[in-house]
Amino acid sequence: MERLIRVGQVSFVCLVFCFIYLPIVSLIAFSFNSNRFPSLPWTGFSLHWYNEVFADPSIIDAFVLSILIAVSVSVTATLLGFLGAYMDYRWRFTGKNALLAIIILPPTIPLIVLGLAMLNFLKQVGLAASPLGIFVSHSILCIPFALAVIRMRLADMPPELEQAAWNLGCGQTRTIFKVVVPHCLPAIIAALLITTALSFDEFMIAWFVSGVDVTLPVRILTLLQGQVSASINAIGSIVFAISLILISSALAIIVWSRK
Amino acid sequence: MRRLNAFFATITVPPILWQVIFFLVPLIFLVVMTFWSVQNYRLKPDFTFTNWQKVLAAGYFYDIYLRTFLYAAAATVITSIVAFPVSLFLGLNAGPRFRIVAIFLLICPFFTSYLVRTYSWQVIISDNGIINTMLGAVGIGQVAMLNTFVGTMIGYATFFLPLVILLQFASIAAIDRDLIQAAHNLRCGRLRTIFAVVVPSAKVGLTVGAAFAFILAFGDFVAPSLLGGGRSPTLSILIIDTVKSASDWPRASVVAMAMIVTMMGVIFAALTFAYRKPGETH
């Protein structure tokens, strides 16, 4: 009886994981299928769809723009996230929680509302339909994630570390660069990776605020709204591989640095 | 002191200023926008309640609102129930190595290609997709899933399950094992232990998980439009249509406000419920 329950539990857990990963596995499998329509039976291995993707300038342009935005967003968000995390770690002052709330609130707002708000706002300040608008919108969304990751790492930093540096005559700013940043380095790298992945993958806000130059996920969305093409499987697999590498490296760094 | 102030300002001002200008101001401006008017497809600064009146007087708005609410509620119940046995297993029975792998497998999908995974589901559940091919092979006819309620729910479930499992798991893993052992010693059966000990102790995680599922489903555009077919619109589809086809941003902003207010209500209710001490009435 005990055994039976255990087997039942394990199979249910596996079933749920299969459900979560089925679309990803199917996507990768069909990206190598030679058939034009992604359906069974499997008609043979082919790299045709990947060749088609790399031959499409609109996809390559979108890909390059996505990378450019993701990298600039990650640097900005990690820098500002670090400052926010350090503020929370170092000081107590009236109104700090309210200010902190403003910084970390964006991910709780539905992307569609955020997209609309950003579109309204960017239009007024003349940044609508420009990659700069996507950059700004993504940065506010990514800062809270960077802040959280770095704040977690700061919580493990003994306060004596900074005090020792000050006593030895190291200035405040220098202490940041010589003590705090080195201690937080794993978290900073993880934050860079996570925010890159977030921005690289975000399509809702980008769809709202972009103009002619679109990011890769927005390009995928327009492809999806058009006719079925097996090349979507290939783009999807590439996008998935990139996100997976970014996120798994970030997780590996976080886990490794906590040991 | 002066130097400390300069240092303090250098650290605190940039992140706060950035989020105030690029997040808080746009949100406030969204409220302002609901009072603007549109003339000949051009936005005009104004102070009119027409947008609110038009939206709130439209019968279809309530239909769509109700549908969105029910969809989100259904998604919340389904994901919470499916997630619970998994979280239970991970929190109480799984070995440390299995746990680490499982957590890794749950965090990854959260950051990866939501849109692409939706597309993949479109292919899988379409009329000649994998599932229907297999159903056909065992003699069951085609079951329409794409562009139906089932499709929408499958979409929601794949996207929210990992997050809901993680939140539930965090709460369950923190339960004092002695409590469960005590229930066992008192000859409390397995199921009864779960409902009398585990569920109340993990209330915070279960509620927060459910609240997240609701909020994500309530604001989601992709599952109802790409897997649900878009013919039974939700609030997010209404917003997109109002912006993209009608170019009526003020009216879309009103719908967005309805969304925000609902979600704040849900968050507030969930937090009140989650942190209420047993025995307290309000």
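Throughout, a chain's letter reflects where its sequence line sits, starting with A, and its residues are numbered from 1.
Taking CD1 of A:Ile232 as the start and CD of B:Gln122 as the end, the distance is 8.0 Å to the nearest 0.5 Å. Here the CD1 atom belonging to A:Ile109 is positioned 5.0 Å from the CD1 atom belonging to B:Ile260, to the nearest 0.5 angstrom. Here the CE-NZ distance, from B:Met33 to A:Lys123, works out to 10.0 Å after rounding to the nearest 0.5 Å. Atom CG of B:Leu115 and atom CD of A:Glu202 lie 10.0 Å apart (nearest 0.5 Å). Atom-to-atom distance recorded for A:Thr175:OG1 and B:Phe7:CZ is 7.5 Å, nearest 0.5 angstrom. Rounding to the nearest 0.5 Å gives a distance of 7.0 Å between CG of B:Leu43 and CD of A:Gln124.
For chain A, the option among B:Asn132, B:Leu216, B:Val82 with the highest count of heavy-atom pairs below 4.5 Å is B:Val82. For the set B:Ile239, B:Ile267, B:Leu105, the count of heavy-atom pairs under 4.5 angstrom toward chain A peaks at B:Leu105. Residue with the most contacts toward chain A among B:Leu106, B:Ile215, B:Ile103: B:Leu106 (heavy-atom pairs, distance under 4.5 Å). Note on B:Ile154, B:Leu88, B:Ile240: by heavy-atom pairs under 4.5 Å with chain A, the leading option is B:Ile240.
Annotation: B:Phe69, atom CZ; neighbour count of heavy atoms from other residues, nucleotides and ligands within 6.0 Å does not exceed 12.
Evaluation of the ring pair (Phe, Tyr, Trp, His ring centres under 6.0 Å) rule for B:Phe98 yields B:Phe89 as partners, not counting sequence neighbours.
Within residues 249-257 of chain B, the residues having any heavy atom under 4.5 Å from a heavy atom of chain A are, by residue number, B:Trp249, B:Ala252, B:Ser253, B:Ala256. Interface residues of residues 19-29 of chain B toward chain A, defined by a heavy-atom distance below 4.5 Å and sorted by number: B:Gln19, B:Val20, B:Ile21, B:Phe22, B:Phe23, B:Leu24, B:Val25, B:Pro26, B:Leu27, B:Phe29.
Using a 4.5 Å cut-off between heavy atoms, A:Phe203 touches chain B through its side chain atoms alone. With a threshold of 4.5 angstrom between heavy atoms, B:Val222 approaches chain A through side-chain atoms but not through N, CA, C or O. Heavy-atom distances place the side chain of A:Val16, and not its backbone, under 4.5 Å from chain B. With a threshold of 4.5 angstrom between heavy atoms, B:Ile165 approaches chain A through side-chain atoms but not through N, CA, C or O. The contact between A:Leu221 and chain B is made by backbone and side chain atoms together, counting heavy-atom distances below 4.5 Å. Proximity to chain B (any heavy atom under 4.5 Å) is shown, for A:Lys96, by neither the backbone nor the side chain. Only the side chain of A:Phe17 comes within contact range of chain B, with heavy atoms under 4.5 Å apart.
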Practice prompt. Show your reasoning for whether side chain to side chain contact (heavy atoms under 4.5 Å, CB included) applies to B:Trp36 and A:Asn120.
Written response: CA-CA 11 Å; B:Trp36 284 21; A:Asn120 286 343; over 6 Å; no
Discussion item. Before you tell me yes or no, could you show the steps for B:Phe104 and A:Val255 under side chain to side chain contact (heavy atoms under 4.5 Å, CB included), namely the whole-Å CA-CA distance, both residues' side-chain angles and the distance that decides it to 0.1 Å?
Written reply: CA-CA 10 Å; B:Phe104 175 79; A:Val255 170; over 6 Å; no
Discussion item. Walk me through whether A:Thr76 and B:Trp18 qualify under side chain to side chain contact (heavy atoms under 4.5 Å, CB included).
Written reply: CA-CA 10 Å; A:Thr76 313; B:Trp18 188 275; 4.0 Å; yes
Discussion item. One pair to check against side chain to side chain contact (heavy atoms under 4.5 Å, CB included): A:Ile5 and B:Arg190. What are the steps and the verdict?
Written reply: CA-CA 10 Å; A:Ile5 292 175; B:Arg190 190 182 288 268; 3.5 Å; yes
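Across A:Leu22, A:Ile24, A:Leu27, a single residue satisfies side-chain contact (heavy atoms from CB on, under 4.5 Å) together with B:Arg117, and that is A:Ile24.
Screening residues 211-223 of chain B for side-chain hydrogen bond (donor to acceptor under 3.5 Å, both in side chains) gives B:Tyr114-B:Asp220 as the qualifying pairs, with residues at least two apart or on separate chains.
By the 30° and 60° cut-offs, the orientation of the rings of A:Trp91 relative to B:Phe8 is perpendicular.
A 4.5 Å side-chain heavy-atom check between B:Pro109 and A:Tyr21 finds at least one atom pair inside the cut-off.
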